[in-house]
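Reminder, nothing fancy here: chain letters follow the sequence lines and each chain counts from 1. What's counted below: heavy atoms across the whole structure, side chains too, no hydrogens, waters or symmetry copies.
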Amino acid sequence: MGVAAVAGKVYPAVRFEIQHDRVAQFARAIGADPADGVPPTFAAVYSLGVTAPHLFMDEEAGVDFAHLLHAEQEFEWQRHPDVGETVVSRGRVASDSSRRGIRFVTFETDTSDARGAPVCRSRALFVIRS
Amino acid sequence: MTRRSVTFSREQIAAYAEASGDHNPIHLDDEFARSVGLPGVIAHGMLQMGLLSTVAAEAAGGPGHLRRLSLRFAGMVVPGDTVTFHAEPAGQGRLELTAVNQKGEAVLTKATADFVP
């Protein structure tokens, strides 16, 4: 299967409700106190997690999931969302390049609140070896 | 300085898979993990990041103070490994973070966080 560079490609927005039980389960899994609210890296779910499947299942992008490595991750927060909020996340391919048979894809996700104010930006670097 | 050591277990990795929705079989199924060249199941990089974030949050005065967290996933973590997560102030609103396994190998590198008071 041919692989097209898809830098600049934007995927559809995804709405996600930040539910109490899901947050508590996540907090326990990382040894955080559920009483402290939404753990910062719950962004792995509400931001990166809900949008990355668009990239992985995009036939045009042709990402070989079996050879994909999550190499770097950054989250930037304007604020942390509250339990019960619904946030909206949109993923895009910020860069897509290949060097010596290794493909580097930077996937960015912007998450905003119900009023459109920014909440979080996720930046993931995926390395795909062919 | 804030420090936390965690010995990873299959149960913890499975709990993170459940909580995060990341059910990639490399984290859950030894046979599958070996078929793709791994020694067996490995911990999610994002689980390591989650654990590191709790140390960063403590050093920052609480999770709500964190404004940025970034790192490179540099090494595999398998069940039985003990990783020490560490946060140290590095100037105004900045933390330098490390995650080192029981062999002294860094499993997360280039890890920093920014926070607001």
Q: A:L68 and A:V127: same hydrophobic cluster, using ILVMFWY side-chain contacts below 4.5 Å?
A: no

Q: Can a side-chain donor-acceptor contact be found between A:R92 and A:T51 if the only test is distance below 3.5 angstrom?
A: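 There is no such pair between these side chains.
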
Q: Ignoring hydrogens and geometry, is there a side-chain-to-backbone donor-acceptor pair from A:S98 to A:G101 under 3.5 Å?
A: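 Answer holds: no.
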
Q: Identify which of A:I30, A:V23, A:V38 forms the greatest number of heavy-atom pairs closer than 4.5 Å to chain B.
A: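 Ranked by heavy-atom pairs under 4.5 Å with chain B, first place is A:I30.
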
Q: What are the two closest non-hydrogen atoms of A:P12 and A:H54, and how far apart are they?
A: O-CE1, 3.4 Å

Q: Is any side-chain N of the basic residue among A:D113 and A:R79 closer than 4.0 Å to the acidic one's carboxylate O?
A: yes

Q: Counting only non-hydrogen atoms closer than 4.5 Å, can you tell me which residues of residues 42-60 of chain B sit against chain A?
A: B:M46, B:L47, B:M49, B:G50, B:L51, B:S53, B:T54

Q: Are A:F107 and A:F65 joined in one hydrophobic group, where the rule is that I, L, V, M, F, W and Y side chains link up if heavy atoms are under 4.5 Å apart?
A: yes

Q: I'd like to know if A:R123 pairs up with A:E72 as an ion pair, taking the criterion as any Lys NZ or Arg NE/NH1/NH2 lying under 4.0 Å from an Asp or Glu carboxylate oxygen.
A: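 No, A:R123 and A:E72 are not salt-bridged.
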
Q: Is the shortest heavy-atom distance from the side chain of A:Y46 to the side chain of A:P81 under 4.5 Å?
A: yes

Q: Can you list the residues of residues 70-109 of chain B that sit under 4.5 Å from chain A, counting heavy atoms only?
A: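 B:S70, B:L71, B:R72, B:F73, listed by number.
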
Q: Determine the sole option in A:D110, A:T109, A:T111 for which the side-chain hydrogen bond (donor to acceptor under 3.5 Å, both in side chains) test with A:R121 is passed.
A: A:D110

Q: Taking every heavy-atom pair that is under 4.5 Å apart, which of B:I13, B:L69, B:V6, B:D114 has the most such pairs with chain A?
A: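 The answer is B:L69.
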
Q: Would you say A:V105 and A:F56 are hydrophobically clustered, going by side-chain heavy atoms of ILVMFWY under 4.5 Å?
A: yes

Q: Other residues, nucleotides and ligands only: do more than 12 of their heavy atoms fall within 6.0 Å of CZ on A:R15?
A: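 Counting neighbours around CZ of A:R15, 12 or fewer heavy atoms of other residues, nucleotides or ligands fall under 6.0 Å, so no.
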
Q: Transitively linked via ILVMFWY side-chain contacts under 4.5 Å: A:V87 with A:V83?
A: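 Shared cluster, yes.
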
Q: Are side-chain N/O atoms of A:S47 and A:S122 paired as donor and acceptor at under 3.5 Å?
A: no

Q: Of all the heavy-atom pairs spanning A:T41 and A:F26, show the shortest one and how long it is.
A: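 Where A:T41 meets A:F26 most closely, the heavy atoms are O-CZ, 3.4 Å.
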
Q: Are any non-hydrogen side-chain atoms of A:I128 and A:V63 less than 4.5 angstrom apart?
A: yes

Q: Are there residues of residues 26-37 of chain B whose heavy atoms fall under 4.5 Å of chain A's heavy atoms? If so, which?
A: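 At a heavy-atom separation under 4.5 Å, chain A is reached by no residue of residues 26-37 of chain B.
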
Q: Can you check whether B:R67 reaches A:H80 side chain to side chain, under 4.5 Å on heavy atoms?
A: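 Heavy-atom side-chain distance check passes, below 4.5 Å.
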
Q: With salt bridge (charged side-chain N to carboxylate O under 4.0 Å, His left out) as the criterion, how do B:R68 and A:E74 come out once you've worked through the C-alpha distance, each side chain's angles and the decisive distance to 0.1 Å?
A: CA-CA 7 Å; B:R68 193 191 58 80; A:E74 177 174 57; 3.2 Å; yes

Q: Using non-hydrogen atoms and a limit below 4.5 Å, what part of residues 14-25 of chain B faces chain A?
A: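 Counting heavy atoms that sit under 4.5 Å from chain A, the residues of residues 14-25 of chain B involved are B:A15, B:Y16, B:E18, B:A19, B:S20, B:G21, B:N24.
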
